[in-house]
Amino acid sequence: MRAQLPRVDAVLIQAVIAAALSFAHLHDLASAAGQDGWKAWAYPVSVDLLLVAAWRRLRSGRDKAAGWCWFLVALAASLGANISTAGLLDLDDVPAWLRILVAGWPALAFLGGTLLAHGSNEPAAAESSEPVMTTEQESSAPVEPVAEEPPALAPAKPESTTPAVPAALVAHARKVADAHQARTGARIDTATLRARLGVPTPLAEQIAAQLP
């Protein structure tokens, strides 16, 4: 009977208790700073949402500096409310500087949430573009028969005037291609390589030709 009862996660219970207490402290501080009614309840929701957005950015592994920055900002707001309402601040006479901070928090939270939600999406956008047919797929496609034509003299091949690709750029492209193949299991195509390196298409084709 006891084995069938669900196990209670003590860490989860502690997190719920801490979130509820912090929520109440933020509400009390916002109300004391002149943000009454529904606005006092919106402040703790704003702080918690910014914490969640920053934590998701840290878990995603992209632009951790921005994630840590906004996580510490939201944590400072939550921790500051907890300390202020612990008897160290007279809630009946809130100082002017604290009223200014509370009034300016919505704009700061909006800025942080926007940057966390829409920042550093360039690599993801490049990888989510429509796939380009690779050389192996092109070779497996059926080839239509072409009528034989009499052989013609091939024109003299002009000397190439294209400058050589720097070795450092080729080495960087090789690292990008290896990371792409390790992540997706397929070789990187020229369009994705060009988007990742930010170079023109002719230069991307020269670099792709030098990759193994």
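The model shown is predicted, which means the values in this text are computed figures rather than measured ones.
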A42 backbone acceptor or donor facing S46 side chain under 3.5 Å:
no
Say whether, by atom type as modelled, one donor and one acceptor occur between the side chain of S60 and the main chain of R57 under 3.5 angstrom.
yes
Interatomic distance, [X] atom [atom1] to [Y] atom [atom2] [nearest 0.5 angstrom]:
X: K64; Y: R59; atom1: NZ; atom2: CZ; result: 10.5 Å
X: I188; Y: R183; atom1: CD1; atom2: CZ; result: 8.0 Å
X: Q206; Y: T190; atom1: CD; atom2: OG1; result: 11.5 Å
X: L79; Y: S84; atom1: CG; atom2: OG; result: 9.0 Å

Would you please name every residue forming a side chain to side chain contact (heavy atoms under 4.5 Å, CB included) with W97, sequence neighbours left out?
P95, L101
So which pairs with a foot in residues 71-82 pass side-chain hydrogen bond (donor to acceptor under 3.5 Å, both in side chains), sequence neighbours left out?
S22-S78, H25-N82
Heavy atoms only: give me the nearest [X]-[Y] pair and the separation to one decimal.
X: L51; Y: L75; answer: CD2-N, 3.8 Å
X: V102; Y: Q35; answer: CG1-CG, 3.8 Å
X: V94; Y: A33; answer: CG2-N, 4.3 Å

With clusters defined by side-chain heavy atoms of hydrophobic residues (ILVMFWY) lying less than 4.5 Å apart, directly or transitively, does [Y] cluster with [X]?
X: W41; Y: L49; result: yes
X: V47; Y: V52; result: no
X: W55; Y: W68; result: yes

I would like to know whether L50 and L116 meet side chain to side chain contact (heavy atoms under 4.5 Å, CB included); could you show each step before the answer?
CA-CA 9 Å; L50 186 59; L116 290 173; 4.0 Å; yes
Run the side chain to side chain contact (heavy atoms under 4.5 Å, CB included) check on L29 and Y43 step by step: do they pass?
CA-CA 9 Å; L29 182 62; Y43 272 83; over 6 Å; no
I'd like to know whether W70 forms a side chain to side chain contact (heavy atoms under 4.5 Å, CB included) with L108, so could you lay out the CA-CA distance, the side-chain angles of the two residues, the decisive distance to 0.1 Å, and finally the verdict.
CA-CA 10 Å; W70 291 107; L108 182 63; 3.7 Å; yes
More than 12 non-hydrogen atoms from neighbouring residues, nucleotides or ligands closer than 6.0 Å to CZ on R99, yes or no?
yes
